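Quick note: numbers below take in every heavy atom, side chains included, and nothing from hydrogens, waters or symmetry partners. Chain A is the first sequence line, chain B the second, and so forth, proteins listed ahead of strands; every chain is numbered from 1. Source: prediction; values computed, not measured.
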There are 2 protein chains.
Amino acid sequence: MLDRSHLLVVRTIEQQGSLTAAARQLCLTQSALSHTIRKLETHLGTAIWLREGRQLRLTPAGRYLLGLANRLLPQLEYAEARLRQFARGERGTLRIGMECHPCYQWLINVISPFLSAWPDVDVDVKQKFLFGGIGALLEHEIDLLVTPDPFNKAGLKFEPVFDFEQILVLSASHRLAGQFYLNAEDLRDEVLLTYPVSVDRLDIYTQFLTPAGIVPRLHKTCESTDVMLQLVSSGRGVAPFPAWLAETYQERLNLALVRLGQSGIHKQIFLGIRESDQALDYLRAFIDSARE
Amino acid sequence: MLDRSHLLVVRTIEQQGSLTAAARQLCLTQSALSHTIRKLETHLGTAIWLREGRQLRLTPAGRYLLGLANRLLPQLEYAEARLRQFARGERGTLRIGMECHPCYQWLINVISPFLSAWPDVDVDVKQKFLFGGIGALLEHEIDLLVTPDPFNKAGLKFEPVFDFEQILVLSASHRLAGQFYLNAEDLRDEVLLTYPVSVDRLDIYTQFLTPAGIVPRLHKTCESTDVMLQLVSSGRGVAPFPAWLAETYQERLNLALVRLGQSGIHKQIFLGIRESDQALDYLRAFIDSARE
DNA sequence: CGCTTACATTACATTTATTCATGGATAGCC
DNA sequence: GGCTATCCATGAATAAATGTAATGTAAGCG
C-alpha cells in the first residue's frame, strides 16, 4: 500500500539530493532507506529512481510520486496540527440546533462575539431535525439545543439563559392597539400569524387560546420574521412574538405591542447540552456568554 | 505519525458502522483494530470515538479525520492506479525539447495523432535549456530532443526523421524574387531576419554567408514565425526558412522562395533520445510516427 | 592510484502489528 | 428478569515489519 512514509521518502531524497543525506534527515541509517526504497519499487512494480553512478534520479513514475508527495504531505501535516488543537481543546465544532424560530435573531448576537473569542471553533446552526431537538442532541446531530421547552432526560442538561415575555404584535392602528392587555376572546375575529410549527408548540394556543376555548378567525403561517411583521404592520393579522424582538421592529413598522392576558405569558429560553460535553470549555464559554 | 492506514480505519469503521464489521472488511481481527484505534487515539492525544454502550461514535476530532480520509484516500487510490499504468508501460510523460525554432509547426502535426494513440502519455514541450538541448537530454530535463544538430555522445542516440531544404523567403515584389538561386553577395544589402539564436547556429551564416565572407546590411531577430513572415511580406527583410514551412505561408502572404546557393542548403531534423530509454514503447512509437 | 563518498547487500536485532484467548458490557428476546 | 448474541477491550504470545551493523561495490576526484 502506498503510504505516507513512502511519500515522505520520495520528497526527502529529492530535497536532500541523496539517499544518505535523506537518511540523516529522517533519523535512519542509509541502509534502512535503501531497503525501504527497494521494497517500495518492488511493491509498485516500477522503478522510481534511476541509479546513475552514485546518483539517484527520478523516473517519470518517480516524478509523479514526487508531485503527489508535495500535494498530500502538507495536507497531512496541516491535519496533524489541527488535531493537536483538538487535543488541547482549542479546536472544536459547535453545532447548534434551534427549536425556537424568533431566537435566531438573539442567537446571532451571541454567536458573533463567540466567534471572535474562539477563532478555532467552527459554529454550525441547524433548524430541521428528524426526531426533534432532543433527539438531535441525543443522536449527536447537534451539540447544543436552543429551545423554550427543556426536557429533563438522563444524559442531558438544560440551563435557562434568557427570560422574556411573549406579547402580541398589532398594527398601531389596530382596534386593540390601545389595550393594556388582551383576553382570549379579543382574538376570536382576528387573523393569527405564526411560524409554521404545530399548534401544541405555540404558547399562544397552549397558554392562552386553548384554555379559554377560543379559536381565531384564521390561522396563517409564515417562515420569515420580516415578512410576518410586514403583514402585521399592514393590518393583515396579529402575531405573537417575544417582546424584545418585537421592540426592535416597533418604530420602523409602526407596531403596537400588547400583553397576552392580565399577567402576560412569560417564557424562558434554555440551552441544552449532553452531560458528557459539560467539560468542553468552548461549550461552557458559549453558554456563559449567552447568559450575559 | 498520522498514516494512510489510520484514515482507512476511520473511513471503514464509519462505513461499516461497527469496529467488528470494519475488521472483517479490512481482513483483520476485531482485536487488531481495537488495538489500532486505541494506539491512534493515544498518539493523537485526543479521543476519536466515543464508546457509547456497544457503539462507536465519532468525536468532533473524529469527524474531522473522517473528512480528511474522504478527501485524501481517493487521491491515494487514484495515484496507485496510475502507478500501475506506469508499471505496465501504459503511462508516461514525454518531455520534448526543441532546438529548432521553425520545427514547432512540424511538431504539432506529429504530436496530435500521437496524443490520440497514447491517451495516457502526457506530452510536454520545452524550448529553453540551461545547458543546451544535449545537456537537457543528459540531465533528464527532457526525454526527446528535436534538433538539426545531432551530437554523437555515449548514452545518446539520434535518428533523422525529416529532410528539408533551407531556402530564403522574400517578398514577391523583391528585386531578387525571380532568381533561381542566390549567391552570398546578393544579401550584402539586405536586412536579414532570423529567430533569436546565436549566429553559429544559423545555417545561413555557417553554410552560406560566412564561407563567402559576407555580412548582411542588418540582422534583426524575431521570436514569432508569423510576425517574421509578415515583415518579409511587407518588404522589410528576408528570412531563411525550411521550404516546407515557407510554402504553407507562400500564397497567403505573397512570398517568393529562393534557393540559397547553386545546390541549396539541405538539412535534416534529428530526434535524440537517451539510449536507456530506447525500450520505452511510447517513445519508440513517437519516433516512428515522426518518421512517417 | 588511492581516497572519499554513495548506494547495495547480508545477517541479525528490535520494534511494531497482529492474533488468540478471554472478559465485561449492552441491547434484544423470550 | 434472565438468557443470549453481539460488541468492544485487554494481556500475553507470536508473526511481521522495520531497523542496524558490518561489509561490499562502484563512481568521482585530486
Side-chain angles (χ1 to χ4, degrees), chain A residues 1-44 46-59 62 131 135 138-140 153-155 274-276, chain B residues 1-44 46-59 62 131 135 138-140 153-155 274-276:
Chain A
M1 196 167 71
L2 182 58
D3 226 335
R4 174 176 184 176
S5 62
H6 300 133
L7 297 180
L8 188 60
V9 165
V10 172
R11 184 176 73 174
T12 308
I13 290 182
E14 205 57 15
Q15 215 174 53
Q16 299 289 317
S18 84
L19 186 144
T20 307
R24 224 180 349 260
Q25 162 135 356
L26 295 171
C27 301
L28 285 175
T29 58
Q30 168 267 318
S31 168
L33 250 197
S34 183
H35 282 299
T36 304
I37 69 173
R38 159 162 295 267
K39 195 158 31 171
L40 174 62
E41 290 183 315
T42 308
H43 175 76
L44 293 178
T46 178
I48 302 300
W49 292 271
L50 294 171
R51 278 70 169 175
E52 295 194 336
R54 38 190 210 172
Q55 280 236 76
L56 288 182
R57 162 172 281 138
L58 289 176
T59 60
F131 304 108
L138 287 169
E139 290 292 317
H140 288 249
K153 192 174 155 63
R274 287 179 297 274
E275 265 170 5
S276 58
Chain B
M1 196 168 71
L2 183 57
D3 226 335
R4 175 176 184 176
S5 62
H6 300 132
L7 298 180
L8 188 61
V9 164
V10 172
R11 184 177 74 176
T12 309
I13 290 181
E14 205 57 16
Q15 214 175 53
Q16 299 289 319
S18 85
L19 186 145
T20 307
R24 228 184 342 264
Q25 163 134 354
L26 295 171
C27 301
L28 286 175
T29 58
Q30 168 268 319
S31 168
L33 252 196
S34 182
H35 284 295
T36 303
I37 69 173
R38 159 163 294 266
K39 198 158 23 174
L40 174 62
E41 290 183 315
T42 307
H43 175 77
L44 293 177
T46 178
I48 301 300
W49 292 272
L50 294 171
R51 279 71 169 175
E52 294 194 336
R54 41 188 208 176
Q55 280 235 76
L56 288 183
R57 164 173 279 138
L58 290 175
T59 60
F131 304 108
L138 286 169
E139 291 292 317
H140 288 250
K153 193 175 155 63
R274 287 179 297 274
E275 265 170 5
S276 57

K39(B) side chain near dA17(C) phosphate (N/O to OP1/OP2, under 4.0 Å): yes

Sugar-phosphate only, base, or nothing, as touched by S18(A) at under 4.0 Å among non-hydrogen atoms: sugar-phosphate

For atom CZ of R38(A) and atom C1' of dA6(C), their distance in whole Å: 15 Å

Heavy-atom closest contact (E41(A) atom, I48(A) atom, distance): OE2-N, 2.7 Å

Whole-Å distance separating the CG atom of L19(B) from the P atom of dC8(D): 5 Å

Distances under 3.5 Å between protein N/O atoms and the N/O atoms of nucleotides 10-12 of chain C, please, pair by pair.
from: dT10(C); atom 1: O4; to: H35(A); atom 2: NE2; distance (Å): 3.1

Atom-to-atom span, CZ of R24(A) to C1' of dG19(D) - whole angstrom: 18 Å

Euclidean distance, atom CG of residue L8(B) to atom P of dA17(C) [Å, nearest integer]: 15 Å

Phosphate OP1/OP2 of dA9(D): any S34(B) side-chain N/O under 4.0 Å: yes

Shortest non-hydrogen contact from Q25(A) toward Q15(A): NE2-OE1, 3.9 Å

Distance in angstrom units between Q30(B) CD and dT22(C) P, rounded: 15 Å

Spacing between L28(B) atom CG and dA17(D) atom P, to the nearest angstrom: 12 Å

pair W49(A)-L19(A): side-chain heavy atoms closer than 4.5 Å: no

Spacing between R51(B) atom CZ and dG24(C) atom P, to the nearest angstrom: 19 Å

Spacing of E52(A) atom CD relative to dT25(D) atom P, expressed in whole Å: 23 Å

Base dA6(C) paired with Q55(A) side chain (donor-acceptor, <3.5 Å): no

